[in-house]
Each structure stands twice: as C-alpha cells, then as structure tokens.
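In what follows, chains carry the letters A, B, and so on, assigned in the order in which the sequence lines appear, proteins first and then strands, with residues in each chain numbered from 1.
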Number of protein chains: 2
Amino acid sequence: MTVSKSADVGVAKPARSSRKENGEAAGESAALQLGELSELLGYSLKRAQLRVFEDFLKCVAPLQLTPAQFSVLLLLERNPGRNQTEIANTLGILRPNFVSMLDGLESRDLCTRMRSTNDRRSHILVLTEKGRAVLARAKKLVATRHEARLNELLGPANRAALLDMLAKIAREF
Amino acid sequence: MTVSKSADVGVAKPARSSRKENGEAAGESAALQLGELSELLGYSLKRAQLRVFEDFLKCVAPLQLTPAQFSVLLLLERNPGRNQTEIANTLGILRPNFVSMLDGLESRDLCTRMRSTNDRRSHILVLTEKGRAVLARAKKLVATRHEARLNELLGPANRAALLDMLAKIAREF
DNA sequence: AGATAATTGTTATCCAATATATCAAAAGCC
DNA sequence: GGCTTTTGATATATTGGATAACAATTATCT
C-alpha cells in the first residue's frame, strides 16, 4: 500500500478569503484542494506553529512579550548565573542576534548584564525585580488564556501526546 | 492542581555544543534546565518545525526545492487553471511576495504564467513538463527519505494522530 | 452607457529573523 | 611569553513576511 508521499511546505498566514465571508463570488470559484499537502507533516507543523505563535502574541499582548523574549525570561529564571552564550545556545539563538535582543530586554529593565568576577569576558544574565514580576504575569496569561485553550481543544491526554511527539522530533529526528 | 503554566518561544536552531562533542569543558559547566519551556507547546512546535524543514531541505537538495516551492508545485498539479491570487492565498503567501517566488519557478522552467482568456488581468498558473517531472522526483525523495523516516520515528498511528492534531490546531485554534 | 469601485499582478519598501565574518578584550594552553 | 580560544559585540547580507501604491482590467450601480 502506498504509504505517505507527503512532504513539506512554506506557509505564512491562514489567508483570509478576500472579503466575501460566506459562499464565494467573483474570481473565487471554489476552494482549492490541498491534496497531498495535507499529508505533509512539515506543512501542518508550520501552519500550526504560526497559529500558536499568533495566539501567544495576542494573549501576552498586554505585557508586550514575544515568544522568544518569554523563553529567555523563563530560562533566566530557571538558570541563574549563566552568560549570554549559554542562554543563546540553549534557545538556538545565534550570539550576534542575541545581543540586540538582550539590549531590548535590558532597556525595559527586565534583565541585566553583570560582568562575571571569574571570567571578565562574560556577562552573567540576571532577571530584575520587574523582570520577575513581568514573567510571573506572563506565565499566568499564557497558562490561563493560551495553553488552557489548547488543552481544551485537544484534551489533556492528546495535548501531552502531541508535546511528546514534537519533543521527540526535535530531539531524535 | 496546577495545570499547565507553559507558553511559547522563539527558536532558531538546535544549537551545537560549541565544539566539544562529549562531556563539557571550559565555560560550559552543565546543561541548562529547560524547565517550563519544555511544557510550552509553541516552543516544541517551533523546534520540531525547524528540524523537519531542515531535513526536508536536505532530502530534496538534489532538486533544489524549498518546502514553499514544493508546496506550490503540489498545489498547481492538484488545482489546474488557478491564478496567482488563488494559489498564494491558499498557501498563506501574500501576493506581492508570491511574484518573485513565481519568477524563480518560471525562470527554472518549472511552471508558466498564462494570461487568462476570460479575465485578462489574471495569470493562470500551469506546470511545465519539466515541472511535472521535478515534482514527481521530489515526491519520491520526500516520501522515501523524509516522511518515511518520520514514520519510522513515530510509528504510523502516532504520525497520523500528530498530523490530525496539527491540522486541528491550524483549523480550529 | 458612464461613473465608480474592486480585483489582479506588480513594484517599491519596510521590518524582523537569521546567518556569517570580524574584532577587541580576556582566558586558556604550551 | 606567545598562540589559540572564548565572549560579547559590530557590521552586514539574506530571507520571509507585511503594507502602500499603481496600471490594467473587470464588476457594479444608477
């Protein structure tokens, strides 16, 4: 039996049906067939990821945090005493790019660079008081607005299974 | 009971452990704790997506096709007689950005823009012979190298469940 | 029919994320 | 003390994604 001839895609946004909500009219004759596209794990992965990030942004909008920024704050809280390279590497952010990112967080007084006493090359990253407070609020928003809805949509068991598989792909694929 | 305080992240690449493969030495004291990060669906989604796209690129490298390009060719094959706006919208690509993408495909003789006889504003997109051939080869590469490995990693049932959940998120979340 | 609005493909930009090369300061190694 | 490596930083290139505007064409409305 033909297994899966799927593949991958590059997606951007859900694509709003140009202005007419219900049926269709002018040039929009009928819905296109995704066909084998819907069997491509990469395609669905990307679309789901975009959707989830979009929702995250919306949920945390009051705190003006991007997913990337939130992940940095989370890592700093969990791993005190680390330097830029370590944090950046863990998140898969390149060091040069991490600099301006930290500039942004530091300018908002969410974290601070402290010169290490052992190694005066490196900067130890520490959450400020405000950083901890913002992170705490962000966690609540994410939990109650964002992840809760995902949990609701999928069900707890499925959500856990999904998370496991995604982690496995990231780790072992 | 505390449900899920997870959230989202911005990830880039797996972050190779700066040159020493096995244990660790100089500044790299110990592995950082991901902590709540590993409970964030968005984080795992992004990392998995990057990993899958990376593998896709590698598998289809001989044909020099990106996931996005592959998805366009797939859509064209499945939906003949459509114009740029329709294809772009379906893939979530903005029309302005789709122009240069098509330029690329057309310059490689993979597809052609044909003026529509009904509506002389629009371009009907058609796969060329070469386009069909390349697409066919790409499908095989993707199926045998890429998706087959994913199938192997997750198992057919899990893979199907994963795909379902991702599609559900993209559709209903 | 004629005026007005909408659609299509396109160009020109803009912004953000990502990637590489390079550098000075500081440590590590022989 | 010299050579290499590491760290944070700067500059820069590339890419993906987003908006504004435009000419040509088509649709709509009166």
Side-chain angles (χ1 to χ4, degrees), chain A residues 9-20 24-29 46-47 49-50 53-54 57 66-69 71-72 82-89 91-106 111-125, chain B residues 9-20 24-29 46-47 49-50 53-54 57 66-69 71-72 82-89 91-106 111-125:
Chain A
V9 205
V11 186
K13 271 203 173 176
R16 53 212 76 232
S17 59
S18 64
R19 172 225 46 172
K20 28 271 184 51
E24 23 80 11
E28 218 157 313
S29 35
K46 177 122 191 183
R47 289 213 96 114
Q49 183 260 311
L50 288 172
F53 267 48
E54 190 184 352
L57 256 319
T66 67
Q69 292 172 324
S71 70
V72 170
R82 301 302 189 138
N83 63 27
Q84 296 184 197
T85 299
E86 292 172 316
I87 299 295
N89 277 342
L91 291 175
I93 302 172
L94 295 172
R95 277 62 49 108
N97 299 332
F98 194 48
V99 172
S100 62
M101 194 172 164
L102 270 185
D103 289 346
L105 292 176
E106 210 174 8
C111 74
T112 315
R113 294 181 237 225
M114 293 185 42
R115 290 232 91 98
S116 167
T117 52
N118 329 331
D119 187 339
R120 284 186 313 192
R121 290 171 300 182
S122 60
H123 290 163
I124 301 305
L125 299 179
Chain B
V9 204
V11 186
K13 271 201 173 178
R16 52 212 74 232
S17 59
S18 63
R19 172 225 45 171
K20 29 279 186 45
E24 23 81 12
E28 218 157 313
S29 35
K46 178 122 190 181
R47 289 213 97 112
Q49 183 260 310
L50 288 172
F53 267 48
E54 190 184 351
L57 257 318
T66 66
Q69 291 171 325
S71 71
V72 170
R82 301 301 189 141
N83 64 26
Q84 298 185 195
T85 298
E86 291 172 317
I87 300 293
N89 277 343
L91 291 176
I93 301 172
L94 295 173
R95 274 74 59 187
N97 299 331
F98 194 49
V99 172
S100 61
M101 193 172 166
L102 271 184
D103 289 346
L105 292 176
E106 210 173 11
C111 73
T112 314
R113 295 182 238 225
M114 293 186 42
R115 290 232 90 99
S116 166
T117 51
N118 329 334
D119 188 340
R120 284 185 311 191
R121 290 171 300 182
S122 59
H123 291 163
I124 301 304
L125 299 179

> Atom CZ of A:Phe98 to atom C1' of D:dT10: distance rounded to whole Å?
Replying inline: 17 Å
>> For a quick test of reading the model, state the closest non-hydrogen atom pair linking A:Ala68 to A:Ser71 and the distance between them.
In response: O-OG, 2.6 Å
>> Can you measure B:Leu91 atom CG to D:dG16 atom C1' for me and round it to whole angstrom units?
In response: 14 Å
>> Please tell me if B:Gln84 has a side-chain N or O lying less than 4.0 Å from either OP1 or OP2 of C:dT10.
In response: yes
>> Distance check needed: D:dT15 P versus B:Leu57 CG, whole Å only.
In response: 12 Å
> Between the side chains of B:Arg113 and B:Asn83, is a donor N or O closer than 3.5 angstrom to an acceptor N or O?
Replying inline: no
> Roughly, in whole Å, what's the span from CG in A:Leu94 to P in D:dT10?
Replying inline: 16 Å
> Would one find a side-chain N or O of A:Thr85 under 4.0 angstrom from OP1 or OP2 of D:dG8?
Replying inline: yes
>> Donor-acceptor check, side chain of B:Arg115 to backbone of B:Ser122, threshold 3.5 angstrom: yes or no?
In response: no
> Does D:dA24 have OP1 or OP2 sitting under 4.0 Å from an N or O in the side chain of B:Arg120?
Replying inline: no
>> Main chain of B:Ile124, side chain of B:Arg82: is a donor-acceptor contact present, judged purely on distance under 3.5 Å?
In response: no
> If you check every side-chain atom of A:Asp119, which of C:dA26, D:dT25, C:dT11 has the closest atom?
Replying inline: C:dA26
> How long is the line joining CD of B:Gln49 and P of D:dG16, in whole Å?
Replying inline: 12 Å
> Start at the 5' end of DNA chain C and walk down; is the nucleotide closest to A:Arg115 or to A:Pro96 reached first?
Replying inline: A:Pro96
> From D:dA18, D:dG8, C:dG9, pick the nucleotide closest to the side chain of A:Ser122?
Replying inline: D:dG8
>> From C-beta outward on B:Asn97, which listed nucleotide comes closest to its side chain: C:dT11, D:dG17, D:dG8?
In response: D:dG17
> Heavy-atom distance under 4.5 Å between the side chains of B:Asn89 and B:Arg95, does that happen here?
Replying inline: yes
>> If you assign A:Asp103 and A:Arg121 each to the DNA chain D nucleotide with the nearest heavy atom, which residue ends up on the more 5' nucleotide?
In response: A:Arg121
> In whole angstroms, how far is the P atom of C:dA27 from the CG atom of A:Asn83?
Replying inline: 13 Å
> Could you give the CD-to-P distance, from B:Gln69 to D:dT15, as a whole number of Å?
Replying inline: 11 Å
>> In whole Å, I'd like the distance from the NE2 atom of A:His123 to the C1' atom of D:dA9.
In response: 9 Å
